[in-house]
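Below you will find the structure I want to go over with you.
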Amino acid sequence: MNARACDTDVLVVGAGPAGVAAAVMAASLNLRTTVLDAGPVGGKLHRISALGNVPGSWTTGPQLAEALAADLERLQKAGRCTLEQGRAVKASGHADRAELSLADGHVLTAETIVVATGVTDLAPSDVEWVTAPSEFSAPPLWRATAQELTGRTYVLGADRPLGTWLRAHPNVTTTLHVLCPPTDRYKAAEVEDDPRVRLVPVSQVAITKPRYGEGWTVEVKGHDGAKTIYSVTSVLNNLGNKPAALDGLVSDENGYCRPDQQHRRIRIAGDLRSARFQRIATAQGSGAEAVLAYYYDTTLPGGGGTR
Ligand SMILES: Cc1cc2nc3c(=O)[nH]c(=O)nc-3n(C[C@H](O)[C@H](O)[C@H](O)COP(=O)(O)OP(=O)(O)OC[C@H]3O[C@@H](n4cnc5c(N)ncnc54)[C@H](O)[C@@H]3O)c2cc1C
């Protein structure tokens, strides 16, 4: 298959900061560019109610997401980029093309695929220190509004969105009882002086439905083995995340996909690369760089320097 026979030159999966930066770079190099996302443009930015570490004057994630959506719209109007909705399930590299399989059965082909699918929420069933019945579901903390916090609110895990949420809700006075396993201890340091946080060190948590009444029964086993039982109105999920890798990618023991270990037609950008440096600015840098690495790759037919 020659390059023009592929559906597009650069197929970007994920329209978060990394994917949009990749698309902007690809379009600026006059490469035929397609962006696929299962959700809205902006990715995790939609969850960031108080934004930091980002060049520019944005103070919330949704503001920056809107700016990224406007960038893509401008490229679409200029005929330099196509935005498609869909969920990717598998990426594979071949000598003459890269292929992306979608959940609906479609297959897209490209000269190169930039995978920027980021990380996705851990569910209670993903972590060893929590047991819960199948009907248990905990809404995410990052989405909770002040009005929803009534009664005793427990938070599963002390991942970083806790600090963001507290900064974004300075007037909330409800106490959050944060069930914190040893692995989250270092993340909790930034919130432990906040009087609205009660950190509960745990080694195991068992959640069950009470025989009578609403809510949940939460049995907590502390580090010393002592058990305490709480009757809880609401439990929020703040367990953290796992890489949103696609089938066909090479991943490490934690599920992250190192860019240098993939097929040469598959590039990885943003949070999916590693648990380290998960920041908007580095995601954007890696997206642009992934496209440049493809553009200058002299090992690809029709690649580097010949364009
Ligand atoms: C609560 C919170 C606060 C944060 N605060 C900050 C901050 O203040 N400053 C900072 O620098 N960083 C912050 N971050 C981190 C920052 O949001 C991420 O580093 C950044 O969004 C990563 O960009 P990305 O493009 O790699 O992935 P994402 O933003 O996660 O985007 C991934 C995109 O891929 C799509 N996708 C996933 N799987 C598929 C699939 N199979 N098929 C199709 N599409 C798919 C998703 O829908 C999503 O749009 C915060 C994160 C959180 C959760």
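Just so it is clear, the values below take in all heavy atoms, side chains as well, and ignore hydrogens, waters and symmetry mates. Every number for a ligand or one of its atoms is a count from 1 in the order of the listing.
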Does the side chain of V35 come within less than 4.5 Å of V41's, by heavy atoms?
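Counting from C-beta outward, V41 and V35 never come under 4.5 Å.
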
Polar contact flag, side-chain donor to acceptor under 3.5 angstrom, Y154-R152
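There is such a pair (donor and acceptor under 3.5 Å, judged by atom type) between the side chains of Y154 and R152.
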
Can you tell me which residue and heavy atom of the protein come closest to atom 27 (O) of ligand 1, and the distance to 0.1 Å?
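So the nearest neighbour among protein heavy atoms is G118 CA, 3.7 Å.
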
Flag side-chain contact, heavy atom, 4.5 Å: H46 against P40
yes

Which residue and atom name correspond to the protein heavy atom nearest atom 23 (O) of ligand 1, and how close is it?
P17 CD, 3.4 Å

Same cluster for W129 and V200 if Ile/Leu/Val/Met/Phe/Trp/Tyr side chains link at under 4.5 Å?
yes

Sub-4.0 Å atoms of ligand 1 with respect to non-hydrogen atoms of G52
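Listed by number with element: 7 (C), 8 (O), 9 (N), 10 (C), 11 (O).
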
Would you mind checking which non-hydrogen protein atom is closest to atom 53 (C) of ligand 1, with the distance to 0.1 Å?
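Closest protein heavy atom to atom 53 (C) of ligand 1: K44 CD, 4.2 Å.
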
Going by heavy atoms in the side chains, are V115 and C257 under 4.5 Å from each other?
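Answer no - side chains too far apart.
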
Within the supplied structure, the quantity of interest is the number of heavy atoms (other residues, nucleotides, ligands) at a distance under 6.0 Å from Q204 CD; does it exceed 12?
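For Q204, atom CD is crowded (more than 12 foreign heavy atoms under 6.0 Å).
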
For G86, the atoms of ligand 1 under 4.0 Å from one of its heavy atoms are 42 (N), 43 (C)

Kindly confirm or rule out an N or O of P161 lying under 3.5 angstrom from an N or O of ligand 1.
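Min N/O separation from ligand 1 is not below 3.5 Å for P161.
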
For ligand 1, is there an N or O atom under 3.5 Å from any N or O atom of L246?
no

How about R267 and D297: do any of their side-chain heavy atoms sit closer than 4.5 Å?
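Counting from C-beta outward, R267 and D297 do come under 4.5 Å.
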
Minimum-distance protein heavy atom relative to atom 52 (C) of ligand 1
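For atom 52 (C) of ligand 1, the nearest protein heavy atom comes out as I48 CG1, 4.3 Å.
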
Proximal ligand 1 atoms for G43, defined as those under 4.0 Å from one of its heavy atoms
29 (O), 31 (O), 48 (C), 49 (O)

Any N/O of R47 closer than 3.5 Å to an N/O of ligand 1?
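In fact, backbone or side chain, R47 has no N or O that close.
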
Taking only heavy atoms of G270 into account, list the atoms of ligand 1 that are under 4.0 Å away from them.
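By the 4.0 Å cutoff, the relevant atoms are 26 (O).
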
Taking it one step at a time, do R185 and E192 satisfy salt bridge (charged side-chain N to carboxylate O under 4.0 Å, His left out)?
CA-CA 10 Å; R185 197 63 221 176; E192 63 192 0; 3.5 Å; yes

Is the closest side-chain heavy-atom distance between L100 and L246 below 4.5 Å?
yes

Counting N and O atoms only, with roles assigned by atom type, does the side chain of K187 sit under 3.5 Å from a partner on the main chain of L162, one being a donor and the other an acceptor?
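It does not hold such a pair.
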
Atoms in ligand 1 flagged as close to A116, the criterion being non-hydrogen separation under 4.0 Å
32 (C), 33 (C), 34 (O)

Looking at G163 and V191, what are the two nearest heavy atoms and their distance?
CA-CG1, 3.7 Å

Where on T120 is there a heavy atom closer than 4.0 Å to ligand 1, on the side chain, on the backbone, on both, or on neither?
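It is neither; nothing of T120 touches ligand 1.
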
Taking atom CD as the centre, does E289 end up with more than 12 heavy-atom neighbours from other residues, nucleotides or ligands that are less than 6.0 angstrom away?
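Atom CD in E289 is not packed in, count stays at 12 or less.
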
When you measure from atom 41 (N) of ligand 1 to every protein heavy atom, which one gives the shortest distance, and what is it?
A88 O, 2.9 Å

Starting from atom 36 (N) of ligand 1, locate the nearest protein heavy atom and write down its residue, its atom name and how far away it is, to 0.1 Å.
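The protein heavy atom lying closest is T117 CG2, 4.0 Å.
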
Provide, to 0.1 Å, the distance between atom 31 (O) of ligand 1 and the closest protein heavy atom, together with that atom's residue and name.
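The closest heavy atom on the protein side is G16 CA, 3.5 Å.
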
For atom 18 (C) of ligand 1, which of the options V12, D271, V35 provides the nearest non-hydrogen atom?
D271

Can you name the atoms of ligand 1, numbered from 1 with element, that are less than 4.0 Å from a heavy atom of A38?
43 (C), 44 (N)

Atom 15 (C) of ligand 1: nearest protein contact (heavy atom, Å):
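Of the protein heavy atoms, Q278 O, 3.7 Å lies nearest.
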
Nearest to atom 33 (C) of ligand 1 by heavy atom, V115, L162, D37: which?
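Heavy atom nearest to atom 33 (C) of ligand 1 belongs to D37.
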
Provide the number and element of each atom of ligand 1 under 4.0 Å from a heavy atom of I280.
9 (N), 10 (C), 11 (O), 12 (N), 16 (C), 19 (O)

If we number the atoms of ligand 1 from 1 as shown, the ones under 4.0 Å from a heavy atom of G14 are 33 (C), 34 (O), 35 (C)

Check whether any N or O atom of A18, backbone or side chain, sits under 3.5 Å from an N or O atom of ligand 1, and answer yes or no.
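It does: an N or O of A18 is found under 3.5 Å from an N or O of ligand 1.
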
Please check if the number of heavy atoms outside E219 that lie under 6.0 Å from its CD is greater than 12.
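Result for CD/E219: enclosed.
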
Kindly give the heavy-atom pair with the smallest separation between P243 and L272, and that separation in Å.
CB-CD1, 3.8 Å

